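Scope of the values below: all heavy atoms of this structure, side chains included, with no hydrogens, waters or symmetry mates. Quick caveat, the model's predicted, so the values are computed rather than measured. So you know, we letter chains A, B, ... as the sequences are listed, proteins then strands, and number each from 1.
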2 protein chains.
Amino acid sequence: MDPHLLRTFLAVAETGSFSAAAEQLRYTQSAVSQQIAALEADLRTPLLTRRPVALTPAGERLRGHASILLVRLAAARADVTRAVAPPGRLIVALTPLAWHPALADALALLRTESARLTARLRLAERDQVVAAVATGEADLGLVDGFTAPSDPLRLPDTGGARAIGVAESPAVVAVAASHPLARRRRVDLSDLADAYWIDAPAVAAHTRLPVDGLRPGLRYDGQDVTVLAGLAAAGHGLAVLPEPLVTTHPSLTGVPISAPRLVHRVELVRIPAHLTGGEPAARLAALIEHR
Amino acid sequence: MDPHLLRTFLAVAETGSFSAAAEQLRYTQSAVSQQIAALEADLRTPLLTRRPVALTPAGERLRGHASILLVRLAAARADVTRAVAPPGRLIVALTPLAWHPALADALALLRTESARLTARLRLAERDQVVAAVATGEADLGLVDGFTAPSDPLRLPDTGGARAIGVAESPAVVAVAASHPLARRRRVDLSDLADAYWIDAPAVAAHTRLPVDGLRPGLRYDGQDVTVLAGLAAAGHGLAVLPEPLVTTHPSLTGVPISAPRLVHRVELVRIPAHLTGGEPAARLAALIEHR
DNA sequence: GGTAATTACGGGCTTCGTAAATATC
DNA sequence: GATATTTACGAAGCCCGTAATTACC
């Protein structure tokens, strides 16, 4: 169970191919084959089927553990070796829906304070945001999700990173203004199990809502919120979105959700203060928290 | 950051000596020295001071990460390789204060159901109980601690294991019947900061109470609850204990705690159902949960 | 000067790459 | 038969042990 082996195992699992994994990791096919064989021998369990390459149940379980382990390993390394970040650097990783104008304001304020600041925003999906902060790739993270009011998001625990809520807004079902549903005063999500939903895993995965069996109609693999809103407005399907976003979109109507009780919540992810990811990060975090 | 290196690093950190660590791990001094050197070179940070051997701040941080990582690694291995446990085996790990007569009853019932059952109880400290369950060394775990009413214990998250509360009882300050405090109707823990406390880390660490600065008077390193109760009864110091335990002890008086709000809570630790640690474990868990 | 960690060095094992073999679609 | 994984084999590197060296109490 060398981390090296886990890494190539994950690469194979992701690419679905030994050769692709080898290329990605700058190994030869042969090396990858040997590494997987070594891992399977060590665990005395087949992890992958060949032709087609797919995960066995044991492989599925290992995949889950391995990705967490590798992130934690990287986080540990970052925590130990973390140097004082260059004062002019500030990298913020965020999920698309975690964006908020207040972030722009805080950044603007920060830049007037210290002229030499090179800030950088990076869009990523949720787990990657948390991982980026834990490993020090990013100084701060902003993640969003839908939960019961004042319930924390269920984030992966990847080592040093801690999350605190910074904003909540009502969650609504976004629907085209012309859609029959638009005239409803409120809806119960479980009544909409038969409707078609827009599946946009990179923006707002309805598969992560605390409701089962919402059927995916259209799938959008991009990260742009505007596109998602546009798709909903064009009647391609329903999506659960934060209310402020829906109201700013002219041809979208937001239908309040009666059950389950749901809010859109944004959380700030950062490493504990004693490992300040640089002065700018601490300052920005303070600005966001006390907004 | 090979797990191998982390393991020997932990051994050195624990023993405070390269040679002792080498002996423990069946290596030579030399090998340990080289491994530590390799780790420090890899991380580009001194982790230990020599003569005396002690952790640097970076080493302290690594120690925290390393112990978690190794347990998670073991848990991952166990999760993947977990075979159907031998049907006659049932190992329960528990902290001393997690013991409850109901556990004996449940075990008795279980043994009448399946005569061939070899049950085994293992006392350990809290983190070790969780680790044992995660790695499959134990099928079930019972841990205890003091928290606010209906707050979960803050257990280390070591992979697959999940905890659910199974019992709560009032927490009281245990004091010798002759002690002046015994006549009080209730006390505020923060008023007792100047009193002497019995520090029994293996049984009920008052250092883990949500109160700061309780001074240790006597330290007891054993695991036996009776000894701790006896020490308190003999006037060697105060201890926070679950009320039922105190009331069964003739020469102890339990003084209710007015603040902070505190209960003694027992949680059952187990791996998710789909990885049943054997039929007996599932049955015992059900018995305990629905007691 | 004695205890304990480090450095030097050699042998054995691991691991990768090249190349040939083999299996599956 | 083409594509993709496995096996064979050799070279390079890694890691541990022995033994000599160095550093600190």
K.L.:
Give the angle between the helix axes at the two ends of the helix from C:dG1-D:dC25 to C:dC25-D:dG1, taking five base pairs at each end and rounding to 10°.
P.N.:
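Overall, the helix from C:dG1-D:dC25 to C:dC25-D:dG1 bends by 40° from one end axis to the other.
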
K.L.:
So, using salt bridge (Lys or Arg N to Asp or Glu O under 4.0 Å) as the criterion, who are the partners of A:R122 when residues are at least two apart?
P.N.:
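Partners of A:R122 by the salt bridge (Lys or Arg N to Asp or Glu O under 4.0 Å) criterion, ordered by chain and then number, come out as A:E137.
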
K.L.:
What pairs meet the ring-ring contact (aromatic ring centres under 6.0 Å, His included) rule with one or both residues in residues 10-63 of chain B, with sequence neighbours excluded?
P.N.:
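Every pair satisfying ring-ring contact (aromatic ring centres under 6.0 Å, His included) with a residue in residues 10-63 of chain B: B:H4-B:Y27.
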
K.L.:
Return the set of residues passing side chain to side chain donor-acceptor pair (under 3.5 Å) with A:T226 (not counting sequence neighbours), or none when no residue passes.
P.N.:
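Testing A:T226 for side chain to side chain donor-acceptor pair (under 3.5 Å), a comparison that skips the adjacent residues, returns A:D224.
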
K.L.:
Can you tell me how far apart NE2 (B:H236) and CD1 (B:I198) are? Round to the nearest 0.5 Å.
P.N.:
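With rounding to 0.5 Å, NE2 (B:H236) is 7.5 Å from CD1 (B:I198).
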
K.L.:
Which residues satisfy the side chain to side chain donor-acceptor pair (under 3.5 Å) test with A:R50, sequence neighbours excluded?
P.N.:
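With neighbours one apart ignored, the set is A:E40.
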
K.L.:
Please classify the nucleic acid contact of B:Q35 as base, sugar-phosphate, or nothing, using heavy-atom distances under 4.0 Å.
P.N.:
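Answer is sugar-phosphate: B:Q35 comes under 4.0 Å of backbone atoms only.
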
K.L.:
Enumerate the side-chain hydrogen bond (donor to acceptor under 3.5 Å, both in side chains) contacts for residues 66-77 of chain B, please, sequence neighbours excluded, ordered by first and then second residue.
P.N.:
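Found A:D42-B:R77, B:R72-B:D157.
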
K.L.:
What integer distance in Å separates A:R7:CZ from C:dC16:P?
P.N.:
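So the two atoms are 11 Å apart, to the nearest Å.
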
K.L.:
Quick one: B:H4 NE2 to C:dT15 P, roughly how many Å, whole number?
P.N.:
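It is 12 Å, rounded to the nearest whole Å.
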
K.L.:
Kindly state which residues belonging to residues 48-59 of chain A come within less than 4.0 angstrom of DNA chain D, counting heavy atoms of the residue only, listed by number.
P.N.:
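Here the set is A:R50, A:R51, A:V53.
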
K.L.:
State, with a plain yes or no, whether a side-chain heavy atom of B:L218 is found less than 4.5 Å away from one of B:Y196.
P.N.:
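Heavy-atom side-chain distance check fails, nothing below 4.5 Å.
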
K.L.:
Any side-chain donor paired with an acceptor under 3.5 Å for A:Q34 and A:S30?
P.N.:
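Looking only at side-chain atoms, A:S30 and A:Q34 do form a donor-acceptor pair, the distance falling under 3.5 Å.
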
K.L.:
Side-chain contact, heavy-atom cut-off 4.5 Å: B:L142 with B:V269?
P.N.:
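B:L142 does not reach B:V269 side chain to side chain.
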
K.L.:
So which of residues 36-47 of chain A are in contact with DNA chain D, with a heavy-atom cut-off of under 4.0 Å?
P.N.:
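Correct list: empty, so none.
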
K.L.:
Output all residues satisfying salt bridge (Lys or Arg N to Asp or Glu O under 4.0 Å) with B:R63, sequence neighbours left out; order by chain, then residue number.
P.N.:
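Applying salt bridge (Lys or Arg N to Asp or Glu O under 4.0 Å) to B:R63 gives none.
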
K.L.:
Should B:T95 and B:E125 count as side-chain neighbours, where that means a heavy-atom distance under 4.5 Å?
P.N.:
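The answer is no, as the side chains (C-beta and beyond) never meet within the 4.5 Å cut-off.
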
K.L.:
Main chain of A:R270, side chain of A:R162: is a donor-acceptor contact present, judged purely on distance under 3.5 Å?
P.N.:
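Judged by distance alone, no pair lies under 3.5 Å.
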
K.L.:
Please table the atom pairs, donor to acceptor, closer than 3.5 Å between any side-chain atom in residues 7-14 of chain A and protein atoms at least two apart or in another chain.
P.N.:
unit_1: A:T8; atom_1: OG1; unit_2: A:L5; atom_2: O; d: 3.3
unit_1: A:T8; atom_1: OG1; unit_2: A:Q35; atom_2: OE1; d: 3.1

K.L.:
Please list, in 5' to 3' order, the outermost nucleotides of DNA chain D lying under 4.0 Å from any heavy atom of chain B.
P.N.:
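Extent of the interface on DNA chain D: D:dC16 to D:dC25.
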
K.L.:
When A:L39 is tested against each of A:L47, A:D2, A:L48, A:T45 for side-chain contact (heavy atoms from CB on, under 4.5 Å), which residue passes?
P.N.:
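The option that passes is A:L47.
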
K.L.:
Expressed in angstrom and rounded to an integer, what is the separation of B:D2 atom CG from C:dT14 atom P?
P.N.:
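The answer, rounded to whole Å, is 14 Å.
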
K.L.:
Do the side chains of B:D139 and B:V133 get nearer than 4.5 Å, heavy atoms only?
P.N.:
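They are not in contact (no side-chain heavy atoms under 4.5 Å apart), so the answer is no.
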
K.L.:
Please list, by residue number, the residues of residues 13-30 of chain A whose heavy atoms come closer than 4.0 Å to an atom of DNA chain D; answer none if no residue qualifies.
P.N.:
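Under 4.0 Å from DNA chain D: A:S17, A:F18, A:S19, A:Q29, A:S30.
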
